[in-house]
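Data first, discussion second: the structure below is written as structure tokens.
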Amino acid sequence: HAFPIIKKHLIPITIFLSTFWIGNFQRMICDQIDLCVKKQSIDPNKFAQTGWRLRHLLREERLTLLEHQYEYDPTWETKMTDDQIGMTWDMVNEMIDSGLVQFEVNGHQHLSCRYLSTEQFEHEILLCKELLLQNTGTDSKIFAYPFGSEDDIQPQCPTWLENLGFEA
């Protein structure tokens, strides 16, 4: 939705990409929680609290909790409207080819780094970096933490990133 505006006004931007969502058309956590609120299985006043709780879980764990505690129905995910469908690799490459958009690493599944083991952290980061390289030719050296909060990282995360060859 933003790309036509970017082209019209010649605005250079960087997008920190979570590669899991490219081309698979599954809902992100905020959309899953929003569906539960709409179905009245989550109190709308607890949206932020529920999001905080769930963003620290791996996708499979999150879906299990949503299904059991909040009566989430995975079939809701198949009813996405056109404005909810995400990007494809062709779209990503079109934006790169414009010369206005660059993509960097944001982790594969956009998981909070707070409780990830070293192995999980490395897998998330390196898989994202590898998919970005394979599909666009971009060899990213920059990482942005999913959710961007100090509460979502561990003290050792910067060292792990440096060990993986990231510069920023």
Side-chain angles (χ1 to χ4, degrees), residues 1-3 6 12-35 50-68 72 74-78 80 83-168:
H1 297 293
F3 188 51
I6 292 163
I13 68 164
T14 300
I15 295 175
F16 289 89
L17 195 64
S18 292
T19 49
F20 175 83
W21 310 103
I22 304 301
N24 79 7
F25 309 117
Q26 294 185 40
R27 293 185 189 277
M28 291 186 75
I29 184 174
C30 55
D31 296 321
Q32 292 169 326
I33 295 170
D34 186 51
L35 283 171
T50 303
W52 173 256
R53 179 178 179 204
L54 295 178
R55 76 189 199 189
H56 295 289
L57 300 175
L58 299 175
R59 180 170 173 75
E60 299 77 28
E61 296 168 331
R62 183 173 62 242
L63 285 173
T64 299
L65 183 63
L66 279 169
E67 289 172 15
H68 293 287
Y72 180 75
T75 63
W76 297 342
E77 294 208 19
T78 62
M80 294 174 77
D83 66 329
Q84 294 171 318
I85 294 176
M87 291 189 293
T88 64
W89 285 112
D90 287 340
M91 292 173 175
V92 169
N93 281 305
E94 177 186 356
M95 287 186 265
I96 290 171
D97 291 344
S98 75
L100 294 169
V101 183
Q102 72 179 41
F103 288 88
E104 300 292 345
V105 172
N106 194 220
H108 183 59
Q109 295 186 64
H110 198 268
L111 298 174
S112 168
C113 301
R114 178 71 168 189
Y115 300 109
L116 295 179
S117 67
T118 306
E119 293 78 20
Q120 289 171 321
F121 182 85
E122 288 179 359
H123 174 76
E124 277 294 303
I125 305 312
L126 292 178
L127 181 55
C128 182
K129 181 180 171 77
E130 179 182 321
L131 289 171
L132 193 56
L133 181 61
Q134 284 176 1
N135 289 284
T136 70
T138 301
D139 187 16
S140 178
K141 298 285 185 195
I142 302 172
F143 174 76
Y145 291 102
F147 303 104
S149 163
E150 287 185 16
D151 293 329
D152 286 298
I153 67 170
Q154 303 176 52
Q156 58 270 38
C157 286
T159 302
W160 291 345
L161 286 168
E162 188 177 332
N163 292 342
L164 295 174
F166 284 84
E167 297 172 0

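Values in this document were obtained by computation on a predicted structure and should not be read as measured data.
- Side chains of Ile142 and Phe16 form a contact here, defined as non-hydrogen atoms less than 4.5 Å apart.
- Among all heavy-atom pairs drawn from Ser18 and Asn106, the shortest one is OG-OD1, 3.3 Å.
- One finds the CG atom of Leu111 at 7.5 Å from the CZ atom of Phe147 (value rounded to the nearest 0.5 Å).
- Looking only at distances, no side-chain donor or acceptor of Asp152 sits under 3.5 Å from a matching main-chain atom of Ser112.
- Residue pairs meeting the salt bridge (charged side-chain N to carboxylate O under 4.0 Å, His left out) criterion with at least one member in residues 91-107, sequence neighbours excluded, do not occur.
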I would like to know whether Leu132 and Phe103 meet side-chain contact (heavy atoms from CB on, under 4.5 Å); could you show each step before the answer?
CA-CA 8 Å; Leu132 193 56; Phe103 288 88; 3.9 Å; yes

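- Nearest heavy atoms, Cys128 versus Leu17: SG-O, 3.2 Å.
- Qualifying side-chain hydrogen bond (donor to acceptor under 3.5 Å, both in side chains) partners for Thr118, counting only residues two or more places apart in sequence or in other chains: none.
- Leu131 has its side chain within reach of Trp89: a pair of non-hydrogen atoms, C-beta onward, lies under 4.5 Å apart.
- One distance of note links CD1 of Ile15 with CE of Met87; it measures 5.0 Å at 0.5 Å rounding.
- Taking Ala2 as the reference, Ile6 meet the side chain to side chain contact (heavy atoms under 4.5 Å, CB included) condition, with sequence neighbours excluded.
- A pairwise comparison of heavy atoms in Ser98 and Met95 identifies OG-O, 2.5 Å as the closest pair.
- In this structure, Glu124 contributes its side chain and His108 its backbone to a donor-acceptor pair below 3.5 Å.
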Please report, to 0.1 Å, the donor-acceptor pairs under 3.5 Å made by any side chain of residues 154-168, with sequence neighbours excluded.
residue: Gln154; atom: OE1; partner: Gln156; partner atom: NE2; Å: 2.9
residue: Gln154; atom: NE2; partner: Cys113; partner atom: O; Å: 2.8
residue: Gln154; atom: NE2; partner: Arg114; partner atom: O; Å: 3.3
residue: Gln154; atom: NE2; partner: Leu116; partner atom: O; Å: 2.7
residue: Asn163; atom: ND2; partner: Thr159; partner atom: O; Å: 3.4

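- Note: Leu127 CG to His123 NE2 = 5.0 Å, rounded to the nearest 0.5 Å.
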Check the pair Ile96, Thr138 against side-chain contact (heavy atoms from CB on, under 4.5 Å), reporting the backbone distance first and the verdict last.
CA-CA 9 Å; Ile96 290 171; Thr138 301; 4.0 Å; yes

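- Ser149 contributes a side-chain N or O that, together with a main-chain N or O of Asp151, makes up a donor-acceptor pair within less than 3.5 Å.
- The ring pair (Phe, Tyr, Trp, His ring centres under 6.0 Å) search around Tyr145 returns Phe143, not counting sequence neighbours.
- Every residue two or more places apart in sequence or in another chain that forms a side chain to side chain contact (heavy atoms under 4.5 Å, CB included) with Leu133 is listed here: Asp139.
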